Structure formats: C-alpha cells, structure tokens
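Predicted, not measured: the structure shown is a model, and the values here were computed from it.
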Protein chains: 2
Amino acid sequence: MKKNEIICPVEYSFQLLGGKWKLPIINVLAKSGVIRFKELERTVVGITPKMLTIQLRSLEADGLVERKIYATVPPTVEYKLSTVGKSIKPMIEEMEKWGLYHQSLKG
Amino acid sequence: MKKNEIICPVEYSFQLLGGKWKLPIINVLAKSGVIRFKELERTVVGITPKMLTIQLRSLEADGLVERKIYATVPPTVEYKLSTVGKSIKPMIEEMEKWGLYHQSLKG
DNA sequence: CAGCATCCCAACAGATACTG
DNA sequence: CAGTATCTGTTGGGATGCTG
C-alpha cells in the first residue's frame, strides 16, 4: 500500500493504526499506563522484539506513543500513550464493540 | 499478515476492513445505497477494475456487501451494503472524527 | 535489557491485455 | 458492461544472530 495516498479521512486512521501489531500494542499501553519494553514483549502475545521495535518507532513518529530512557544498567526504557494516543480510546472502543458484535454473528 | 491470527477483538475490524480500498468502497456504498460496478469504479478514485473486483468479493464473502446480478444485455450488477455492513457506520464515523482531529493537529 | 542487522518469503497492489 | 488473466514490483512480517 502506498502510504502517501490517503483517499478519505477514515483511511487516515488505518494508515496510523493498520498492520498486525499496532492496535494490540496500543491496547496494552491503554490498560497498563506505563510499561517497559520486555514487559510489552511478554504481554503482546507472539510479537518479536524486531516487530515491537519497528511498531513502537512508527507509533512514536506519529506522536501516539512516548518513549522515556533511563540511563541505568541494565538499560530501562518505558513506553506510554501520548495525549493524542489516549484520544484513540473512544475509536478503539467502537471498533471493539463492532468486532465483538460481528464475531458473535458467526458463533 | 497471517489472516487467521486474530490477537484482540479490535484487530478483527482490521481483518475485515484493512487494506487500501475497503473503507473507501464502503464509504461510497454507505452514501449511494445501491450502485453499479462501473459507477463504483468511477467514484472510488484511482481504483482499478481488478482491485475493485477483489475487494468486492472479499467484502461479499465477509457478509458486508450484497451483489445482485440482472440478466440484461449489457450485463448489470448492483452492489449495496448488507445489514451487517450498515452496522459499521458508527465505527466509521468514530474513525472519521478521530482521523479529522488528528489531521488537524498536523495542520 | 533493549535493541539493530541481515536474509527471506508471502501478501498486497499496479499495469496491461483480453472475454462473455 | 462487468469482469478475468498474467506479469511484475513493493511492502509487511518472520527467523535468526549480534551488540552496547
């Protein structure tokens, strides 16, 4: 998909949240508040460190996630939703309602 | 993306609506009610007949879109949202609100 | 711990030409 | 009109191994 061809505003949300991992990550961040990389890796079932890094960087670049580094040994990095990231919640809830509704139709 | 690995209910919506074209198509269908293939091709800016066919078949298989064939010459095929398809509207509106909000942040 | 680098494959998407 | 067939290129995602 060519990322720069946004066709309608709705599509914009998909540009930012699409792919296999972004929504699961945001869901975890929404529930946990602040969380470290390794803990995130454990909580988002099935994700590899590589994909977690890529997705977090992408979310960070879009201003949805904030990253805070502590100069400790071993290193500590914490992630949390930004203000904009938190504003996604109503949308996610609506998507969740619809997803559950549609799943229930198929038994 | 492995289509059968749904991680959270929210992700379910992305399985059904993800990709470049499905939301634009559904948006047009939501506004027009009933529409023919060629008219759809003209309205969804930039789509090719091939992609339109693939996406419509996929949406049909997921029960979001209904297809009605008339045995005329030349052939007539009409598409419209199913009841389930129409149930997406609140979710799309929420996504549209958020998309517009986030776009406005970037000026 | 928190990552980056490399290689690889499958799915997605576009262009073009053709058909009932 | 409403598609299908074929070829081709791009992107997303996985596996593995290595580093500060």
Measure the distance from NZ on B:Lys68 to P on D:dG3 and round it to the nearest whole Å.
-> 15 Å

Distance check: side-chain N/O of B:Arg42 vs OP1/OP2 of D:dA2, anything under 4.0 Å?
-> no

Strand-adjacent residues in residues 51-60 of chain B, judged by heavy atoms under 4.0 Å from DNA chain D | B:Thr53, B:Arg57

Not counting sequence neighbours, which residues clear side chain to side chain donor-acceptor pair (under 3.5 Å) with A:Glu60? List them please.
-> none

Does anything in residues 67-77 of chain A pair up under salt bridge (Lys or Arg N to Asp or Glu O under 4.0 Å), and if so which pairs, sequence neighbours excluded?
-> none

Which pairs, with at least one residue in residues 23-35 of chain B and sequence neighbours excluded, count as a side chain to side chain donor-acceptor pair (under 3.5 Å)?
-> none

Applying side-chain contact (heavy atoms from CB on, under 4.5 Å), name anything that partners B:Thr72, two or more places apart in sequence or on another chain.
-> B:Tyr70, B:Thr76

Which pairs pass salt bridge (Lys or Arg N to Asp or Glu O under 4.0 Å) with one or both residues in residues 69-88 of chain A, sequence neighbours excluded?
-> A:Glu66-A:Lys80

Got a list of side-chain donor-acceptor pairs under 3.5 Å for residues 88-99 of chain A, not counting sequence neighbours?
{"residue": "A:Trp98", "atom": "NE1", "partner": "B:Ser87", "partner atom": "OG", "Å": "2.9"}

Which part of the nucleic acid does A:Tyr79 contact within heavy-atom distance under 4.0 Å: base, sugar-phosphate only, or nothing?
-> sugar-phosphate

Five pairs at each end of the helix from C:dC1-D:dG20 to C:dG20-D:dC1: take the axis at both ends and give me the angle between them to 10°.
-> 50°

Distance below 4.0 Å between B:Lys20 side-chain N/O and C:dG14 OP1 or OP2 = yes

Interatomic distance, B:Arg67 CZ vs D:dA2 P [rounded to whole Å] | 11 Å

Could one point to a donor on the side chain of A:Lys50 or the base of C:dG3 with an acceptor on the other under 3.5 Å away?
-> no

Atom pairs and distances, side-chain donor-acceptor, residues 49-58 of chain B, under 3.5 Å, sequence neighbours left out:
{"residue": "B:Thr53", "atom": "OG1", "partner": "B:Pro49", "partner atom": "O", "Å": "2.9"}
{"residue": "B:Ser58", "atom": "OG", "partner": "B:Lys22", "partner atom": "NZ", "Å": "2.8"}

When all nucleic acid strands are considered with a 4.0 Å heavy-atom cut-off, which category describes B:Thr76: base, sugar-phosphate, or nothing?
-> sugar-phosphate

By a strict heavy-atom criterion of less than 4.0 Å, which residues belonging to residues 34-41 of chain B are in contact with DNA chain D?
-> B:Arg36, B:Phe37, B:Lys38

